[in-house]
K.L.:
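One structure, as structure tokens, below. Some questions next.
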Amino acid sequence: MAKAKKYVYSFGAGKADGRADMKELLGGKGANLAEMTNLGIPVPAGFSITTEVCTAYYENKRKYPKELKGQVDAAMVKMEKVMAKSFGDPANPLLVSCRSGARASMPGMMETVLNIGLTTKTIPGMIALTKNPRFVWDAYRRLMMMYSDVVMEKAAGLEPKEGQGIRVQLEHIMDQVKRQVGAKSDTDLGTDQLETICTQFRAKVKEVIGKEFPDDAQEQLWGAVGAVFQSWNGRRAISYRRIEGIPDEWGTAVNVQAMVFGNMGDDSATGVAFTRNPATGENAFFGEWLTNAQGEDVVAGIRTPNPLNMATKSEHTAHLKSLEEVMPATYKALAAIRNRLEKHYHDMQDIEFTIEKGILWMLQTRNGKRTGTAALRMAVEMIREKLITKDMAVTRVTPAQLDELLHRILDPKAEKTAKVLAKGLPAGPGGATGRVVFTAAQAVAFAEKGEPCILVRKETNPEDVEGMRAASGILTALGGMTSHAALVARGWGKCCIVGCGALKIDAGAKTLKAGDTTFTEGDFLSLNGSKGIVYAGQLATVDPDPENPTLVEFLKACDAVRVLGVRANADSPHDAAVARKFGAEGIGLLRTEHMFYGEGADVPLFKLRKMILSNTVEERRKACDELYPHVKDDIKGTLAAMDGLPVTIRLLDPPLHEFVPQGEAKQQELANALGITLQDVRKRAEDLHESNPMMGHRGVRLGVTYPEVSEMQIRAILESAAELRAEGKKACPEIMIPVTCSVNELKDQQALIVKVKAEVLKKYNLKKLDFLVGTMIEIPRAALLANQMAEVAEFFSFGTNDLTQMTFGFSRDDIGTFMPDYLGKKILAVDPFQSLDQEAVGELIKTGIQRGRSVREKLKVGICGEHGGDPASIHFCHKAGMNYVSCSAFRVPIARLAAAQVAVATAGKPAKKGKK
Ligand code: ADP
Ligand code: MG
Ligand code: MG
């Protein structure tokens with residue numbers, strides 16, 4: 001008979017069944033508890049029930065596999081041996097926690113119950129054992145609060161009205177007792193008071209839920225296990241999964257672990273720490289702790305937590321004693337574990353610890369969430385410390401985090417003169433300005449209107465996540481750097497300030513008071529999340545500095561790893577200079593028509609119009625001659641700015657009638673210049689009208705009908721290059737012919753290029769001139785006939801905006817009317833204009849590359865559509881064997897990162913540099 005499947009994995013006393021790489025099966029928490037155990041780090045013994053049980057439970061009408069009970073009992077016996085106590089034993093009781101643990105961390109989304117096993121039978125034993133009745137009653141009231149809420153209410157599917165939940169009602173009882181005896185904090189309550197509270201709790205649970213609080217250890221245990229599995233499909237877990245893109249099928253594991261107690265008195269404590277600062281990335285052990293506390297007291301914001309050490313005290317925490325000062329030996333042990341964990345995991349860890357009567361226990365470790373700023377700094381510093389390789393480092397910053405660094409902050413100048421309203425803890429980076437809202441729902445509503453808002457809460461809880469997501473910034477009055485709000489905001493790279501005690505928030509009345517100023521919904525606030533400063537009003541914001549040295553160093557590491565080249569789309573010498581600042585290695589698309597739009601375009605535009613409305617070749621030639629110096633200056637300037645880097649210059653592309661003047665004054669001016677009547681101008685303009693201009697007389701078709709127009713542009717390009725050469729400078733132009741569908745179009749234009757080249761060589765007395773001739777592949781026919789196109793074209797640039805339009809038959813300018821439905825009904829998973837459609841458009845690209853290179857092995861291939869800056873599309877381009885991607889200058893850093901990441905993901909070892 002086959003052995004029964006293993007559903008339960010034990011850990012304890014230095015040995016564990018599991019390992020860190022078993023997250024799929026054991027969840028992140030369970031796998032890391034096992035790993036720490038194997039490392040010899042002190043971890044209370046326990047066992048993990050696998051995610052397979054969760055999946056089976058949901059597949060099998062919420063029933064467990066039949067082997068589970070036996071395996072749990074056996075694991076419990078093992079754990080009892082290690083801890084030398086017995087679960088449910090009245091004389092020597094073992095208490096356990098029941099903790100959820102999904103593969104990916106879902107902070108605060110799932111449920112945990114502590115102190116399981118305390119019953120009227122075991123309480124006296126516990127008291128005798130610990131000689132600390134206060135602690136036992138405190139543990140029991142905690143158990144009742146957590147268990148009645150998580151197991152008896154939530155998991156049972158009860159949905160009490162807002163404010164009527166059992167937990168709130170129990171908290172109410174406790175507050176009442178506190179008030180009666182004048183206790184400021186939970187820790188001021190005495191034994192008798194806690195016992196009274198427990199008695200009242202028991203009655204309240206019965207009254208509200210209609211059931212007795214379970215008084216049997218096994219019943220409590222299985223109730224809690226079931227609740228963890230249930231919580232996987234709770235509302236907030238589902239909503240978190242949706243935002244984070246975590247599949248529903250993953251399931252959660254359950255960890256049952258021997259309790260250690262941080263609430264046994266002043267020699268006991270509990271805390272949360274990061275091995276480096278998760279907000280700034282600074283290599284300093286950073287955390288928060290509380291004496292005589294348990295579990296989530298630190299993160300719940302009930303008491304203000306103390307700083308971990310002296311070095312990381314802030315202005316706000318300077319008066320509080322650090323662990324380093326209060327328990328120096330324990331702190332040293334903890335710091336040693338910190339070093340150990342970083343060396344072992346090669347990454348910043350987010351850890352939980354508890355000190356029971358001076359003895360340190362580790363309860364959790366995981367790779368810590370961090371801001372983009374911190375991710376960047378850690379990646380760069382860890383390379384320098386030789387803790388990680390460059391390949392590893394480039395995977396440590398997500399494109400979204402990099403994006404965050406390239407995003408705005410409050411204008412420092414505006415900050416200098418702005419009124420500081422309050423100070424809090426800098427929990428999430430950057431700057432945000434927006435209107436005050438007090439509920440998550442309002443934040444969502446404001447965001448839907450396109451109105452930036454700041455979500456202001458006393459503290460946030462998992463129910464707020466959607467509003468936190470929608471808000472531009474988050475501000476809370478309570479909570480520390482490890483509070484829910486801080487954790488979630490950092491994960492998303494969202495501007496966030498927590499623990500801003502000076503604020504008086506009345507969510508009911510929708511008012512926020514700071515000193516004598518009152519804000520109501522809709523008033524403006526500005527946040528500096530990097531410093532924790534709140535300002536009244538709407539401050540100016542500024543975009544970040546691409547020359548930040550850490551960023552430069554990180555992107556250099558990306559460059560060392562990536563294979564794919566990165567260019568920018570740029571249309572002018574100024575754009576070109578910006579693109580180089582961001583690290584572009586060339587220009588992948590320079591649109592010549594750009595010079596006819598916008599500021600300073602009047603003169604060239606007028607000349608272009610003359611050319612367009614010319615009726616004869618002579619007229620047109622004359623107009624072209626007039627236009628020539630403008631076109632050449634622009635091109636020469638850009639080539640010079642790129643200093644020998646390749647510049648792909650596209651010949652005139654848009655339908656000409658786009659440039660025809662509509663107003664009578666302008667039309668008359670043109671008539672005068674051309675020596676014709678207004679009537680004539682109108683007539684000629686009408687002749688240019690097309691019913692479907694996107695597919696009309698544009699691109700190479702213009703060059704075929706008006707060769708003199710192509711000639712003028714070709715001459716501008718080649719003479720620019722020749723002049724730069726004569727000036728001792730470098731220039732590397734690539735002439736790109738747009739909207740082609742036949743090699744004969746290319747041959748037609750090639751003939752002009754050959755002719756002009758000969759003339760230019762002669763004029764400048766040159767023997768040779770370096771440039772390439774290629775085409776933009778944006779019509780499916782061209783992709784399919786790429787082998788023919790490559791007979792003339794020395795390079796291809798996939799114009800994926802048009803290629804997407806033509807492949808789908810969607811006009812990009814008109815998708816607004818139906819795309820939302822297509823996405824809503826899941827007819828399409830993503831907008832193909834945002835992320836490249838790898839299925840069909842991608843197939844055309846792959847086919848095009850393969851056929852093109854079948855006749856021209858060294859064919860240079862790039863992409864110049866908007867997709868060139870989209871990480872998923874960049875991954876595709878790498879895999880398809882392109883030489884480079886080209887995107888807007890501001891996306892260049894993200895493209896450099898994405899290109900490095902795909903190189904690491906596909907090679908497994910550093911790829912060789914071979915880009916051009
Ligand atoms: P989360 O996933 O929300 O962090 P955890 O399972 O880590 O939930 O538990 C919540 C809190 O209870 C944490 O502070 C954790 O350290 C504490 N805790 C969990 N199990 C134990 C235990 N066996 N002994 C002491 N504290 C525990
Ligand atoms: Mg929790
Ligand atoms: Mg935890």
Side-chain angles (χ1 to χ4, degrees), residues 11-12 26-33 36-37 42-49 76 79 82-83 85 87 94-118 135 138-139 142-143 145-147 149-150 221 224-225 227-228 231-232 234 236-237 240 252-264 268-274 287-290 292-303 305 334 349-357 359-369 461-462 480 482-484 486-488 491:
F11 53 87
L26 304 180
K29 201 178 285 164
N32 284 329
L33 285 171
M36 282 199 291
T37 304
V43 174
F47 56 85
S48 305
I49 303 174
M76 186 64 97
M79 180 166 138
V82 175
M83 303 307 291
K85 289 178 188 167
F87 189 59
L94 171 69
L95 303 191
V96 300
S97 65
C98 181
R99 324 170 65 185
S100 65
R103 280 193 225 177
S105 110
M106 296 168 67
M109 289 298 128
M110 311 281 289
E111 307 293 1
T112 292
V113 180
L114 306 179
N115 307 332
I116 293 169
L118 267 183
F135 148 72
D138 182 54
R142 289 173 188 269
L143 169 67
M145 286 174 113
M146 285 181 270
Y147 195 94
D149 172 43
V150 170
L221 174 66
V225 169
V228 171
S231 74
W232 178 253
R236 49 192 208 182
Y240 189 87
T252 179
V254 178
N255 304 290
V256 174
Q257 189 176 23
M259 285 300 303
V260 289
F261 301 101
N263 54 336
M264 279 197 152
S268 300
T270 182
V272 177
F274 296 90
E288 293 172 329
W289 71 290
L290 279 173
N292 202 10
Q294 186 176 58
E296 303 203 301
D297 289 3
V298 174
V299 293
I302 299 169
R303 286 155 61 193
L334 184 64
Q349 297 295 297
D350 166 357
I351 60 181
E352 288 174 5
F353 64 91
T354 281
I355 300 163
E356 179 181 312
K357 292 181 159 297
I359 297 180
L360 175 66
W361 295 94
M362 299 305 294
L363 288 166
Q364 192 169 329
T365 190
R366 63 182 171 204
N367 293 338
K369 295 210 187 232
N461 61 52
T482 51
S483 67
H484 176 259
L487 223 64
V488 172

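One-based numbering, in listed order, for ligands and for the atoms of each.
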K.L.:
Which atoms form the tightest heavy-atom contact between Trp232 and Ala102, and what is the distance?
P.N.:
CZ3-CB, 3.8 Å
K.L.:
Are any of the side-chain nitrogens in Arg366 or Glu352 under 4.0 Å away from the carboxylate oxygens of its partner?
P.N.:
no
K.L.:
Considering distance alone, does some N or O of Arg99 sit under 3.5 Å from an N or O of ligand 1?
P.N.:
yes
K.L.:
Between Ser100 and ligand 1, does any nitrogen or oxygen pair lie at a separation below 3.5 Å?
P.N.:
no
K.L.:
Going by atom types alone, do Asn32 and Thr365 pair a side-chain donor with an acceptor below 3.5 Å?
P.N.:
no
K.L.:
Determine whether the aromatic ring centres of Phe261 and Phe135 lie less than 6.0 Å apart.
P.N.:
yes
K.L.:
Just to be sure I'm reading this right: ignoring hydrogens, which of Met259, His484, Met146 gets closest to atom 22 (C) of ligand 1? Compare them by their nearest heavy atoms.
P.N.:
Met259
K.L.:
Give the numbers and elements of all ligand 1 atoms closer than 4.0 Å to a heavy atom of Val260.
P.N.:
24 (N), 25 (C)
K.L.:
Rounded to the nearest 0.5 Å, what's the gap from OG1 on Thr252 to CZ on Arg103? Could you check?
P.N.:
11.0 Å
K.L.:
Of the side chain and backbone of Leu363, name the one, both, or neither that has a heavy atom under 4.0 Å from an atom of ligand 1.
P.N.:
side chain
K.L.:
Specify which N/O/S atom of Glu352 comes nearest to the Mg ion (ligand 3), by atom name.
P.N.:
OE2
K.L.:
Mind checking whether Gln294 contacts ligand 1 via backbone (N, CA, C, O), side chain (CB onward), both or neither, at a 4.0 Å heavy-atom cut-off?
P.N.:
neither
K.L.:
Report yes if Leu114 has an N/O atom closer than 3.5 Å to an N/O atom of ligand 1; otherwise report no.
P.N.:
no
K.L.:
Nearest 0.5 angstrom please: Thr112 OG1 to Gln257 CD, how far?
P.N.:
10.5 Å
K.L.:
Checking Lys29 side chain against Ser100 main chain: does a donor-acceptor pair fall under 3.5 Å?
P.N.:
yes
K.L.:
Testing Asp138, Thr270, Asn115 one by one against Gln294 for a side-chain hydrogen bond (donor to acceptor under 3.5 Å, both in side chains), which residue passes?
P.N.:
Asn115
K.L.:
Should the proximity of Ala258 to ligand 1, defined as any heavy atom under 4.0 Å, be assigned to the side chain, the backbone, both, or neither?
P.N.:
backbone
K.L.:
Counting backbone and side-chain atoms alike, does Gln364 have an N/O/S atom under 2.8 Å from the Mg ion (ligand 3)?
P.N.:
yes
K.L.:
For Lys29 and ligand 1, does the shortest N/O to N/O distance drop below 3.5 Å?
P.N.:
yes
